[in-house]
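Have a look at the structure below, then the notes.
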Amino acid sequence: MMNKKDLLSEIVRDSDNIVFFGGAGVSTKSGIPDFRSDNGLFSAKYKYPPEYMLSHTFFMNHTEEFFNFYREKMIYPDAKPNKAHIKLAELEQEGKLKAVITQNIDGLHQLAGSKNVLELHGSVYRNYCMKCKKRYPLNNILETDGIPRCECKGIIKPDVVLYEESLDNSVLFKAISYISSADVLIVGGTSLNVYPAAGLVDYYKGDKLVLINKTETPMDYKANIVIHDSIDEVLGDI
Ligand code: CNA
């Protein structure tokens, strides 16, 4: 009988309508900690629970503390794509992969060369003034202390989806459209704990659902192939 990785290679070889849906685990090999691994962000001790520090309420009520935490823990401008990002970009270039749908905010898929990237939770590279809507690059967050301000004195907010905030509907609908018409759906590096993103898996109608994650997820039972391993190794070996 074929082992799971060979089966995955065969499925990828035979398809030209693959969609990838991933999360923070895709970028851990690039040196960006995830939330829920043993050494992830949620395992450390802070003054407040990290979910609260990344919530809209915290942003509004403790804006300066939000930015201190955000600058220190959520921005990794020197991180480089790993084998997982690179393989996904190659598969798109070969015409096999139609879209990368990511919960990540780190921009590493684009840095690896992926063109069609749907960022469900936004990006640290986009920022805007809450008052006049002027757009700002990441440097305006990195190169300031305290609360970053626009020329008009408005607060510059990262275009990332905080807890309690809703996702951009147009991105969400596009993601649903790609997943519901995919031949192969590869899900990886996500604990599938954060909704509504995790619910996207339910839109897949095919019989080639591949789940690659270091640890068990609540959706393992739905998958046709489950591989509990590093996604960078697994995708790198295809
Ligand atoms: P999560 O809940 O932290 O889960 C990550 C999952 O990935 C865990 O189940 C790990 O076991 C698994 N994992 C870790 N490393 C690997 C690896 N090398 N190979 C395979 N599996 C691995 O993160 P989710 O993405 O599920 O949760 C969604 C949150 C996390 C989103 O809102 C993101 O914005 C947020 N986040 C993003 C980043 C980033 O942009 N790189 C970093 C940290 C958190």
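Both counts, for ligands and for their atoms, begin at 1 and track the order of listing.
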Should one rank [options] by closest heavy-atom distance to [atom], which comes out on top?
| atom | options | result |
| --- | --- | --- |
| atom 15 (N) of ligand 1 | Asp106, Val124, Thr28 | Thr28 |
| atom 16 (C) of ligand 1 | Ala84, Gly25, Gly22 | Gly25 |
| atom 9 (O) of ligand 1 | Asn213, Leu235, Thr102 | Asn213 |
| atom 14 (C) of ligand 1 | Asp34, Ile105, Asp229, Val26 | Asp34 |

Give the table of side-chain donor-acceptor pairs shorter than 3.5 Å for residues 148-161, with sequence neighbours excluded, one pair per line with atom names and distance.
{"residue": "Arg149", "atom": "NH1", "partner": "Lys153", "partner atom": "O", "Å": "2.9"}
{"residue": "Glu151", "atom": "OE1", "partner": "Lys134", "partner atom": "NZ", "Å": "3.4"}
{"residue": "Glu151", "atom": "OE2", "partner": "Lys134", "partner atom": "NZ", "Å": "2.9"}
{"residue": "Lys157", "atom": "NZ", "partner": "Glu165", "partner atom": "OE1", "Å": "3.4"}
{"residue": "Lys157", "atom": "NZ", "partner": "Glu165", "partner atom": "OE2", "Å": "3.0"}
{"residue": "Asp159", "atom": "OD2", "partner": "Arg126", "partner atom": "NE", "Å": "3.2"}

For Asp229, all residues meeting side chain to side chain contact (heavy atoms under 4.5 Å, CB included), sequence neighbours excluded:
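Side chain to side chain contact (heavy atoms under 4.5 Å, CB included) check on Asp229 returns Lys5, Ile227, Val234.
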Against heavy atoms of [X], which atoms of ligand 1 measure under 4.0 Å?
| X | answer |
| --- | --- |
| Ser27 | 41 (N) |
| Gly189 | 5 (C), 6 (C), 7 (O), 21 (N) |
| Asp232 | 18 (N) |
| Gly23 | 25 (O) |
| Thr190 | 6 (C), 7 (O), 24 (P), 26 (O) |
| Ile32 | 41 (N), 42 (C) |
| Val194 | 27 (O), 28 (C) |

Starting from [atom], find the nearest protein heavy-atom neighbour and note its residue, name and distance.
| atom | answer |
| --- | --- |
| atom 44 (C) of ligand 1 | Phe35 CE2, 3.2 Å |
| atom 34 (O) of ligand 1 | Gln103 O, 2.8 Å |
| atom 21 (N) of ligand 1 | Lys214 N, 3.1 Å |
| atom 4 (O) of ligand 1 | Ser191 N, 3.3 Å |
| atom 11 (O) of ligand 1 | Thr215 OG1, 2.7 Å |
| atom 19 (N) of ligand 1 | Ile231 N, 2.8 Å |
| atom 36 (N) of ligand 1 | Ala24 CB, 3.8 Å |

Counting only nitrogen or oxygen atoms and a 3.5 angstrom limit, does Arg36 reach ligand 1?
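Right, the criterion is met.
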Regarding Asp202 and Lys222, does a basic nitrogen lie under 4.0 Å from an acidic carboxylate oxygen?
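Lys222 and Asp202: salt-bridged.
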Checking side-chain polar atoms at under 3.5 Å, does [X] have a donor or acceptor matched by the opposite partner on [Y]?
| X | Y | value |
| --- | --- | --- |
| Arg36 | Thr190 | no |
| His109 | Asn104 | no |
| His121 | Thr102 | no |
| Ser170 | Asp168 | yes |
| Asn82 | Ser30 | yes |
| Ser9 | Asp6 | no |

So, does Ser37 sit close enough to ligand 1 that a heavy atom of it is under 4.0 Å from the ligand?
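The answer is yes: ligand 1 sits under 4.0 Å from a heavy atom of Ser37.
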Are His121 and ligand 1 in contact, using a heavy-atom cut-off of under 4.0 Å?
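Heavy atoms of His121 do come under 4.0 Å of ligand 1.
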Measuring centre to centre across the rings, with the benzene-like ring taken for any Trp, is Phe58 within less than 6.0 Å of Tyr52?
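Close enough - the centres of the two rings lie under 6.0 Å apart.
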Name the one of Ile105, Asp106, Leu142 that satisfies side-chain contact (heavy atoms from CB on, under 4.5 Å) with Val124?
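So, applying the side-chain contact (heavy atoms from CB on, under 4.5 Å) to Val124 and each of Ile105, Asp106, Leu142, only Ile105 qualifies.
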Quick one: pull up NZ in Lys98 and OH in Tyr178 and give me the separation to the nearest 0.5 Å.
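It is 9.0 Å, given to the nearest 0.5 Å.
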Under the 3.5 angstrom rule, does the side chain of Ser15 hit a backbone N or O of Asn17 as a donor-acceptor pair?
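The answer is yes, because a donor-acceptor pair under 3.5 Å joins these two groups.
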Determine whether the side chain, the backbone, both or neither of Pro33 has a heavy atom under 4.0 Å from any heavy atom of ligand 1.
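For Pro33, the contact with ligand 1 is made by the backbone alone.
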